[in-house]
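To start, the structure itself, in structure tokens.
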Amino acid sequence: MDSTYIAFAPLQGYTDAVYRRAHWECVGGVDEYYTPFVRIEKGEVRRKGLRDTDPERNAGVPTVPQVIARDGDEFARLCDALQGQGWERIDLNMGCPFPMQVKAGRGSGLLQHPERVEEIFKEMQRRPEVVSSVKMRLGQESEEEGMRVMPIVNEMPLIHVTLHPRLGRQQYKGVADKEAFLRFAEVCRHPMVYNGDVLELRIENGELRIGADSVESTKLKGVMIGRGLLARPWMLSDKEPHEVIKGMHAIVYRHATETLCGDSQILSRLHAFWEYLDIPHKQKKAIMKATTLPRYREAVAVYNSTAGQP
């Protein structure tokens, strides 16, 4: 692996534009931040998703808008909306395992419909000005589903394929199958990005080491990290964890208190910031249980006063 591409995976309700900017400004080390997927809702492109992809909100942050679609028509409408905002780089989600999306034939559910993947491929061909990538799973119910769509994926004009080596029906249970990732890499013509259970990352002698394991392939472009970076946002730097948390929290807190109304709305957003963080349980519990802003600020002050102490 000559160079290592690092992407921050999206997670609905957590990695919005404010969070992405906070991480970029306080930590960095990420090549691209992917937005939570933009989707069709009640027959229209969801406005909340387009607010998050507003170029002004993402100015200066290396951002990739992600879409989730069930067929060529939905994909075309989503691309039209994003291109209307000025985007020329789009990622297609074919890996979301959430039942509501799967039942609608989106995310990992799309892998069960090669003919619809073919429709999306044709739409990509109609948009040569757009730089595209795909994020996918092994399949929804079986690995064979993913393998069946690979001939189509291989023909798509993609800069890379991100693979989370679990089945959709597993959601996040079990262990990511690194051997399955390598099987897909053997048949994929595009550079590959590894995603799944990346809680510790090292590059040693050209090998990507995830925890105690290595993932080695000539097609390996890099890695996409989601929950691992939410838990340890300092992972890609040598900064002290409490310094990163304090800096990022200041940005998220300021935005929440300036744009949201009432303790309930504000705390809902702020609690999401702490939910995945790898900090002492007692301190996190006090922060998450706070039901008013004064109590919240008090709990955060306690964390700040003790963080980093031996």
Side-chain angles (χ1 to χ4, degrees), residues 5 7-12 15 31-41 45-46 49-50 52-53 62-85 87-98 100-140 145-168 184 188-196 221-222 224 226:
Y5 165 85
F8 200 141
L11 192 61
Q12 293 280 350
T15 60
D31 292 293
E32 292 183 320
Y33 292 83
Y34 287 61
T35 73
F37 54 70
V38 184
R39 66 181 188 267
I40 300 293
E41 184 177 76
V45 178
R46 193 168 186 244
L50 292 179
D52 189 58
T53 60
T63 303
V64 177
Q66 185 182 86
V67 301
I68 192 168
R70 59 170 288 140
D71 53 31
D73 177 66
E74 284 195 355
F75 181 75
R77 294 169 64 193
L78 292 164
C79 286
D80 286 344
L82 289 170
Q83 288 183 261
Q85 290 183 320
W87 293 102
E88 296 180 346
R89 169 82 172 88
I90 296 175
D91 183 71
L92 169 66
N93 184 314
M94 295 201 301
C96 176
F98 298 140
M100 184 177 296
Q101 296 300 326
V102 171
K103 289 178 181 178
R106 304 186 185 102
S108 57
L110 180 61
L111 298 173
Q112 297 178 309
H113 303 280
E115 73 285 356
R116 296 180 185 175
V117 179
E118 181 74 31
E119 291 177 17
I120 291 173
F121 166 41
K122 291 178 180 178
E123 280 299 327
M124 285 184 177
Q125 288 182 306
R126 296 187 183 102
R127 301 166 190 271
E129 70 280 6
V130 175
V131 178
S132 300
S133 57
V134 162
K135 184 175 188 289
M136 62 183 289
R137 289 217 173 193
L138 300 174
Q140 170 55 26
E145 293 170 349
M147 285 294 184
R148 277 200 298 271
V149 303
M150 282 309 296
I152 306 170
V153 171
N154 278 337
E155 294 303 316
M156 287 179 168
L158 305 175
I159 58 169
H160 63 244
V161 172
T162 301
L163 178 66
H164 182 127
R166 280 186 175 92
L167 297 172
F184 271 71
C188 183
R189 295 182 183 176
H190 305 294
M192 297 282 291
V193 176
Y194 179 88
N195 171 240
K221 177 179 180 178
M224 175 181 281

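If you're wondering where the values come from, they're calculated on a predicted model, not measured in any experiment. Just the heavy atoms: all of them, side chains too, but no hydrogens, waters or symmetry mates, feed the values below.
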task = Return the set of residues passing side-chain hydrogen bond (donor to acceptor under 3.5 Å, both in side chains) with Gln12 (not counting sequence neighbours), or none when no residue passes.
result = none
request  = Might you point out which heavy atoms bring Phe8 and Gly226 nearest each other, and give the distance in Å?
outcome  = CE2-O, 3.9 Å
query = Below 4.0 angstrom, N of the basic side chain to O of the carboxylate: do Arg137 and Glu145 qualify?
reply = no
request  = Just do the side-chain contact (heavy atoms from CB on, under 4.5 Å) check on Ser132 and Asp91 with the steps written out, would you?
outcome  = CA-CA 6 Å; Ser132 300; Asp91 183 71; over 6 Å; no
inquiry  = Going by side-chain hydrogen bond (donor to acceptor under 3.5 Å, both in side chains), name the residues that satisfy it together with Asp71, two or more places apart in sequence or in a different chain.
reply    = none
request  = Check whether any side-chain heavy atom of Met136 sits under 4.5 Å from a side-chain heavy atom of Val149, and report yes or no.
outcome  = yes
message = Donor-acceptor pair, distance only, cut-off 3.5 Å: does the side chain of Thr35 make one with the backbone of Gln66?
response = yes
query = How about Glu41: does its CD atom have over 12 heavy atoms from other parts shown lying under 6.0 Å from it?
reply = yes
inquiry  = For the CG atom of Leu111 and the CE atom of Met147, what is their distance to the nearest 0.5 Å?
reply    = 12.0 Å
task = Hey, could you give me the OG/OH distance between Ser133 and Tyr34, rounded to the nearest 0.5 Å?
result = 4.0 Å
inquiry  = So which atom in Ile40 and which in Arg77 form the shortest heavy-atom distance, rounded to 0.1 Å?
reply    = CD1-CZ, 4.2 Å
Qualifying residue, where the test is side chain to side chain contact (heavy atoms under 4.5 Å, CB included) with Val38 and the options are Leu50, Ile90, Asn93, Ile68 = Leu50
task = Return the minimal non-hydrogen interatomic distance between Phe75 and Leu92, and the atom names on each side.
result = CD1-CD1, 4.1 Å
Would you give me the side-chain donor-acceptor pairs under 3.5 Å for residues 114-124, sequence neighbours excluded?
| unit_1 | atom_1 | unit_2 | atom_2 | d |
| --- | --- | --- | --- | --- |
| Glu119 | OE1 | Gly72 | N | 3.1 |
| Glu123 | OE2 | Arg126 | NH1 | 2.7 |

ask   = Is the backbone of Ala104 close enough, under 3.5 Å, to the side chain of Arg70 for a donor and an acceptor to pair up by distance?
value = yes
key: Residues Thr63 and Arg89: side-chain donor-acceptor under 3.5 angstrom   = no
message = Show me the pairs that pass ring pair (Phe, Tyr, Trp, His ring centres under 6.0 Å) and involve residues 147-167, at least two apart or across chains.
response = Tyr5-His160, His164-Tyr172
remark   = Residue set satisfying side-chain hydrogen bond (donor to acceptor under 3.5 Å, both in side chains) with Arg106, at least two apart, ordered chain then number -> Glu74, Gln101
inquiry  = Using every non-hydrogen atom in the two residues, find where Pro10 and Thr15 come nearest and quote the distance to one decimal.
reply    = CA-OG1, 3.4 Å
inquiry  = Could you measure the distance from the CG atom of Leu138 to the CZ atom of Phe184? Nearest 0.5 Å is fine.
reply    = 5.0 Å
request  = Determine yes or no for a side-chain-to-main-chain donor-acceptor pair under 3.5 angstrom, with Ser108 supplying the side chain and Cys96 the backbone.
outcome  = yes
key: Check: Met224 main-chain N/O paired with Asn195 side-chain donor or acceptor under 3.5 Å   = yes
request  = Without swapping roles, check the side chain of His190 against the backbone of Val153 for a donor-acceptor pair under 3.5 Å.
outcome  = yes
inquiry  = Between Val161 and Met156, does the side-chain contact (heavy atoms from CB on, under 4.5 Å) criterion hold? Intermediate values first, please.
reply    = CA-CA 10 Å; Val161 172; Met156 287 179 168; over 6 Å; no
key: For Asp80, side-chain hydrogen bond (donor to acceptor under 3.5 Å, both in side chains) partners two or more places apart   = Arg127
inquiry  = Return the CD to CE distance between Gln140 and Met94, rounded to the nearest 0.5 Å.
reply    = 13.0 Å
